[in-house]
Amino acid sequence: MTSVAIVLFTSDLRVHDHPPLRAALDAAERVVPLFVLDDGVRRAGFTAPNRLAFLAETLADLDASLRARGGRLVTREGPVVDEVCAVVRETGAREVHVAAGVSRYALAREERLRRELGAQGCALRVHDGVITAVTPGAVTPDGRDHFAVFTPYLRQWEKVRTRSPLGAPRRVEVPDVGSAKPLPENVPGASAGLPSGGERAGRERLDRWLSSGIRDYAERHDDLAGDGTSRLSPYLHFGCLSPLEVVHRARTRGGEGAEAFVRQLAWRDFHHQTLHARPSAAHADYRTQHDRWRTDEREAAAWRDGETGYPIVDAAMRQLRHEGWMHNRARLLVSSFLTKTLYLDWRIGARHFLDLLVDGDVANNQLNWQWMAGTGTDTRPNRVLNPLTQARRFDPDGAYVRRWLPELDFLPGRSIHEPWKADGVPYPAPLVELSDGLARFKAARGKD
DNA sequence: CTTATATTCCG
DNA sequence: GGAATATAA
């Protein structure tokens, strides 16, 4: 009987720079590339139509990549640990390789796998540097288990010598083992403007980004209408791209834009190391400000539906619904609006983002929301972004607003940001006066 | 070397 | 104000 190893794919749906796949191929003659759609994964948010659609395309693409190498993707449905154990029994595999995760769900999965595989005489091998460029915990301040401030983290992060990215394997021999039906690619309720899923699409986008877009990233990344960002976030979330390879290639390319872009990837690692050390930060305040958030379902619904009366906020919320994606600058401004101006709980916003974002990621989403809510790692927890100032600075001619709110297009220039100043505009009145929101927030937080 | 304190800096 | 680090004891 030939030797068999299993690679359990999770948030690393690619063949390039995939240490678990490489290790499995080195260890055994035949390898089972396995993906399990389990209830825990469903609960963790995969049921959101946008990510489910992207996932279906990504799995189809991964299967195609493996078939081009003589293999195929084996998919199963059911509790992930049970399914892995079943495949071990069916194939006589001696090793299971998996990427190290950071969420509570991933850590629990790893623990159960280790225990139950051990009982079957099968080893679990966990690989670092797959989900993030720098492993959570690889750099720490003296006497603490993680960094709580980004800049000191970045200084250490930049010094870490990471391995060289691995190429894709030439051949993958897969033993005969049963597989579930592929996921349907047409998902009801998915946004119309979703990007295509899969490693191939991700690598094409990365190539284009490195050869052109990244050059002006430092100057253009905040321009809402110009859309000068990489849009690689969904591919990073599903692991269609290796963050380590992206960092490596961006650094090789060099320049001011590349440096600014790599810094954003360090933010991604920063949030992952925070969540790894403090799993509760996915739902509880990282550093509580003892907020007693207002509850107002009418205002929350207006925010979700892009009907706050502030065009820059509403445009962003409509982009989210239509594309399953939102410009990063817009994410900052709408989250400031929800948490600081309306003074509504950050979890309301984080949940809505996870319902729609194709890149929706527990570490990045929850900790960025906490950052803006002032309950996270921001060293200035009372910072408030004024939506009008943001609009004038990052959408000076209103091109972004015009794209998403065509009903306001007749308002010239920057006046589009203040439709309440014109007569007879078919648009909701502002949900709240900015000065009232600010006063309310200051009273609640008490200081600064 | 450990621990206390000063200094710097925060998207 | 507090986190990280440099410096002193």
Side-chain angles (χ1 to χ4, degrees), chain A residues 132-134 136-160 214 216-224 226 228-230 233 236 243 247 250 256-278 281 284-291 312 316 326-340 346 349-350 353 361 363-387 389-395 441-442 444-448:
Chain A
T132 54
V134 170
V139 289
T140 54
D142 275 1
R144 292 173 175 271
D145 63 350
H146 72 288
F147 280 89
V149 178
F150 175 69
T151 308
Y153 174 74
L154 177 65
R155 280 198 286 271
Q156 298 300 314
W157 184 88
E158 283 171 332
K159 283 194 254 174
V160 174
I214 198 172
D216 301 320
Y217 180 72
E219 304 84 62
R220 292 189 55 205
H221 73 279
D222 273 334
D223 175 6
L224 287 165
T229 69
S230 73
S233 54
L236 286 163
V247 168
E256 222 175 293
E259 197 180 318
F261 177 64
V262 167
R263 189 183 162 88
Q264 295 306 308
L265 292 164
W267 269 103
R268 183 178 178 279
D269 280 10
F270 174 66
H271 291 321
H272 279 74
Q273 62 101 44
T274 306
L275 187 67
H276 177 78
R278 297 271 292 277
D285 289 353
Y286 174 82
R287 226 185 343 246
T288 186
Q289 306 292 333
H290 305 289
D291 287 298
I312 198 74
M326 194 193 290
H327 192 288
N328 181 247
R329 171 53 53 181
R331 296 188 196 198
L332 292 173
L333 118 217
V334 302
S335 56
S336 170
F337 189 82
L338 185 82
T339 59
K340 306 252 168 95
W346 64 266
F353 270 32
D361 179 275
N364 292 323
N365 188 63
Q366 310 306 91
L367 289 169
N368 273 320
W369 267 98
Q370 292 225 45
W371 190 86
M372 200 63 249
T375 63
T377 55
D378 187 5
T379 53
R380 287 173 52 198
N382 293 322
R383 106 172 58 217
V384 179
L385 304 184
N386 181 315
T389 312
Q390 295 281 308
R392 294 192 192 109
R393 190 181 300 166
F394 303 116
D395 190 33
F441 175 70
K442 280 185 173 173
R445 283 280 169 95
K447 52 189 172 183
D448 220 25

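Naming convention: chains lettered A, B, ... in sequence-line order (proteins, then strands); numbering from 1 in each chain.
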Answer yes or no: does atom CD of A:E259 have more than 12 heavy-atom neighbours from other residues, nucleotides or ligands under 6.0 Å?
->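 No, CD of A:E259 has 12 or fewer neighbouring heavy atoms, counting only those of other groups under 6.0 Å.
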Between [atom2] on [N] and [atom1] on [X], what's the gap in Å once rounded to a whole number?
X: A:F150; N: C:dG2; atom1: CZ; atom2: C1'; answer: 18 Å
X: A:R331; N: B:dG11; atom1: CZ; atom2: P; answer: 20 Å
X: A:R278; N: C:dA3; atom1: CZ; atom2: C1'; answer: 13 Å
X: A:R383; N: B:dC10; atom1: CZ; atom2: P; answer: 11 Å
X: A:L265; N: B:dG11; atom1: CG; atom2: P; answer: 17 Å
X: A:Y286; N: C:dG2; atom1: OH; atom2: P; answer: 13 Å
X: A:F270; N: B:dG11; atom1: CZ; atom2: P; answer: 8 Å
X: A:D142; N: C:dA4; atom1: CG; atom2: P; answer: 10 Å

Under 3.5 Å, is there a donor on one side chain and an acceptor on the other for [X] and [Y]?
X: A:W346; Y: A:D285; answer: yes
X: A:N328; Y: A:H221; answer: no
X: A:R445; Y: A:Q289; answer: no

Listed by chain and number, what are the salt bridge (charged side-chain N to carboxylate O under 4.0 Å, His left out) partners of A:R393, not counting sequence neighbours?
->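 Salt bridge (charged side-chain N to carboxylate O under 4.0 Å, His left out) check on A:R393 returns nothing, list empty.
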Answer whether the closest heavy-atom distance between the side chains of A:F270 and A:T377 falls below 4.5 Å.
->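 In contact.
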Nearest-nucleotide pick for A:F147, side chain only, options being B:dG11, C:dA3, C:dT5 =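 For the A:F147 side chain, the nearest candidate turns out to be C:dT5.
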Output the residues of residues 152-159 of chain A in contact with DNA chain C, where contact means a heavy atom of the residue under 4.0 Å from an atom of the strand; sort by number or write none.
->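 Those residues are A:P152, A:Q156.
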For residues 145-160 of chain A, which side-chain donor-acceptor pairs fall under 3.5 Å, sequence neighbours excluded?
residue : atom : partner : partner atom : Å
A:H146  : NE2  : A:Y286  : OH           : 2.8
A:W157  : NE1  : A:D269  : OD2          : 2.8

A:R287 side-chain N/O to C:dA3 phosphate OP1/OP2 under 4.0 Å =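 Answer yes for this pair, as a side-chain N or O of A:R287 is under 4.0 Å from OP1 or OP2.
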Answer yes or no: does a side-chain N or O of A:T379 lie under 4.0 Å from OP1 or OP2 of C:dA3?
->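 Checking A:T379 against C:dA3: no side-chain N or O falls below 4.0 Å of OP1 or OP2.
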